2 protein chains.
Amino acid sequence: MKEQDSFDPKKRILAAAISLFAQKGFAAVGVREIAAGAGVNIAMISYYFEGKVGILKEIMEEFFRRYFLVFEGVDDKSKTPEACVRGLIHNIVNFVRENTDLTMVSYNELPLDLPEIAELKAEKITAMIQRISGLVLRMGFDPSDVFVIAVVGPSLISTIFTNFRFRPVLKRVFRFKFDDAYYERYAETIATLFLNGIKGLAEERKRKKRSTK
Amino acid sequence: MKEQDSFDPKKRILAAAISLFAQKGFAAVGVREIAAGAGVNIAMISYYFEGKVGILKEIMEEFFRRYFLVFEGVDDKSKTPEACVRGLIHNIVNFVRENTDLTMVSYNELPLDLPEIAELKAEKITAMIQRISGLVLRMGFDPSDVFVIAVVGPSLISTIFTNFRFRPVLKRVFRFKFDDAYYERYAETIATLFLNGIKGLAEERKRKKRSTK
DNA sequence: ATAAAAGTTAAACAAACGTTTGTCAAGCCC
DNA sequence: GGGCTTGACAAACGTTTGTTTAACTTTTAT
């Protein structure tokens, strides 16, 4: 592990922490390990981040800051709703690809109960939901069916995130090359999967409405 | 927290550990906390489980033991492939519902790097993949398209598991009652979602094959 | 009845934890 | 040059970690 990189200590600490947290989980990593990985003194962690959880906070802030950008420009009136969804899926896949460890740390810690970051989590998740549901409604979905929205959205996101989460496992079992072509095909596959799935749900809904009339 | 339940100490330790691990994650929970939750002496943990990771090992063993049963009897020749898939999804949803904490602990620790359980993980995952891929092929899927299988299967599982993983969050945002009716509808919704999605993928595949001929 | 085994306990263990302290050197402003 | 801030460090802080020990009680088997 390189210790003498030229960029500043704070960034080195952050980078080392992201990598270690992604690998072992936040609670399983000690400050000494982070300091060693970053090539800095232990005291620097409290100095720059006000403690270990301070690092996690900054990581999650950074994750959401970047993640929000994914939804920027997706709601394009000149394109069909279907094309918008395909675009969004491409965006998310590329985002996780370029920010894998950052995403994994945040995604892994999100469901865990850590009182020190409870507020931050609540705030970010609320903002997230607002942004997404606004987007969903403007993209041709039936707003009266909250249930389906509450199922399909999380399903899509968990599909992509989990694919990266179990990358080491997948790598051992399936012999894919995880290159540009793979991700291109992957994004298109799940886009087709979900678009057809949503279509099927809408049709079933119509059938049921008619039969109850 | 009840401490004087009549069943034996080992089960009490296991139950307390499962609950705490699910809530905070394995590494964030100490043996004293587990002992207190179970109402036993700290030394009992090493006595019955040979240490803290011993508990986790037993938890994961138990999880996979039960999880494997979900696939039992799903491959029913008298039913259509579609009905088989719907049945499987119902089984999985009910399984996670009845074993939520057990599932969450295993699912949360699976992607993390903990050397002491690396072997156990590898063994179980291999067994899992074998069982599933055998099932998938016998259920009317095109065995030549490994890629789609590698995408759809994990997507389905992550969808269900993640739904439970973020239950506290969902609970606060959407005002659903998580009762029998909810889970019934949930299972049917994602069954429709995935069955139509798979159908769409198969059609697209056919189209592409024809165009390249 | 008695000895062996199993169960349970409080106490102590070394090791690791996250954080704080005091110190020193370098760079800056006035 | 004196006073101040900032960055970096080693060392030590008190606490908590998981585990072990040895003594004690209860159960079981002979």
Side-chain angles (χ1 to χ4, degrees), chain A residues 1-60 105 109 112-118 120, chain B residues 1-60 105 109 112-118 120:
Chain A
M1 200 169 294
K2 285 189 184 179
E3 293 180 359
Q4 292 289 62
D5 284 325
S6 56
F7 49 89
D8 69 297
K10 183 167 182 185
K11 282 184 185 168
R12 291 225 303 275
I13 293 171
L14 212 50
I18 290 172
S19 169
L20 286 166
F21 290 168
Q23 194 197 340
K24 305 181 171 190
F26 171 74
V29 178
V31 285
R32 281 163 186 81
E33 202 177 353
I34 300 170
V40 302
N41 189 277
I42 322 166
M44 300 272 84
I45 286 168
S46 287
Y47 180 77
Y48 282 115
F49 296 92
E50 295 172 5
K52 189 181 144 189
V53 293
I55 307 181
L56 183 59
K57 282 185 186 174
E58 210 142 308
I59 288 175
M60 298 193 101
V105 175
E109 298 302 326
L112 299 184
D113 189 15
L114 211 174
E116 293 100 315
I117 62 160
L120 187 149
Chain B
M1 199 169 294
K2 285 188 184 180
E3 293 179 358
Q4 290 291 62
D5 283 326
S6 57
F7 49 89
D8 70 298
K10 183 168 181 184
K11 282 185 184 166
R12 291 225 303 276
I13 293 171
L14 212 49
I18 289 172
S19 169
L20 286 166
F21 290 166
Q23 195 197 339
K24 306 181 169 189
F26 171 76
V29 179
V31 285
R32 281 162 186 80
E33 201 176 355
I34 299 170
V40 301
N41 190 280
I42 322 165
M44 301 266 79
I45 286 169
S46 286
Y47 181 75
Y48 282 113
F49 296 92
E50 297 171 3
K52 190 182 145 189
V53 293
I55 308 181
L56 182 60
K57 282 185 185 174
E58 211 143 307
I59 288 175
M60 298 193 100
V105 175
E109 299 302 326
L112 299 183
D113 190 15
L114 212 174
E116 294 99 316
I117 61 161
L120 188 151

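So that the names make sense, note that chain A is the first sequence line, chain B the second, and so on, each numbered from 1. The structure displayed is predicted, hence computed values, not measured ones.
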Can you figure out which of [options] approaches the side chain of [X] most closely?
| X | options | answer |
| --- | --- | --- |
| B:Val31 | C:dT19, D:dG18, D:dT6 | D:dG18 |
| B:Arg32 | D:dT20, C:dG18, D:dT17 | D:dT17 |
| A:Met44 | D:dT20, C:dT9, D:dC9 | D:dC9 |
| A:Ala43 | D:dG7, D:dA12, C:dT20 | C:dT20 |
| A:Lys52 | C:dT19, D:dA8, C:dT9 | C:dT19 |

message: Whether A:Lys10 and A:Glu58 form a salt bridge (side-chain N of Lys/Arg under 4.0 Å from carboxylate O of Asp/Glu) is what I want to check.
response: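 Salt bridge present between A:Glu58 and A:Lys10.
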Rounding to an integer number of Å, can you tell me how far [X] [atom1] sits from [N] [atom2]?
| X | N | atom1 | atom2 | result |
| --- | --- | --- | --- | --- |
| A:Ile45 | D:dC9 | CD1 | P | 12 Å |
| B:Asp8 | D:dT27 | CG | P | 15 Å |
| B:Ile42 | C:dC13 | CD1 | C1' | 12 Å |
| B:Asn41 | D:dA22 | CG | P | 17 Å |
| A:Phe49 | D:dG7 | CZ | C1' | 14 Å |
| B:Lys24 | D:dT17 | NZ | C1' | 14 Å |
| B:Arg12 | C:dT8 | CZ | C1' | 12 Å |
| A:Lys11 | D:dG7 | NZ | P | 14 Å |

task: Please say whether more than 12 non-hydrogen atoms of neighbouring residues, nucleotides or ligands are located less than 6.0 Å from CD in A:Glu50.
output: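 For A:Glu50, atom CD is not crowded (no more than 12 foreign heavy atoms under 6.0 Å).
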field: Side-chain donor/acceptor of B:Lys52 to backbone N/O of B:Ile45, under 3.5 Å
entry: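 Side chain of B:Lys52 to backbone of B:Ile45: no pair is present.
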query: Of A:Tyr47 and A:Glu33, whose closest DNA chain C nucleotide lies nearer the 5' terminus?
result: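 Taking each residue's closest nucleotide, the earlier one in sequence belongs to A:Glu33.
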- prompt: Does a side-chain heavy-atom distance below 4.5 Å link B:Phe49 with B:Leu56?
  reply: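 Side-chain contact under 4.5 Å: no.
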query: Base, sugar-phosphate, or nothing: which does A:Val29 touch, judged by heavy atoms less than 4.0 Å apart?
result: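 The residue A:Val29 makes sugar-phosphate contact but no base contact.
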task: Indicate, with a heavy-atom threshold strictly under 4.0 Å, whether B:Tyr48 touches base, sugar-phosphate, or nothing.
output: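 Sugar-phosphate, no base atom in range.
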query: B:Met60 pairs by side chain to side chain contact (heavy atoms under 4.5 Å, CB included) with which of B:Leu120, B:Val105, B:Ile55?
result: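 So, applying the side chain to side chain contact (heavy atoms under 4.5 Å, CB included) to B:Met60 and each of B:Leu120, B:Val105, B:Ile55, only B:Leu120 qualifies.
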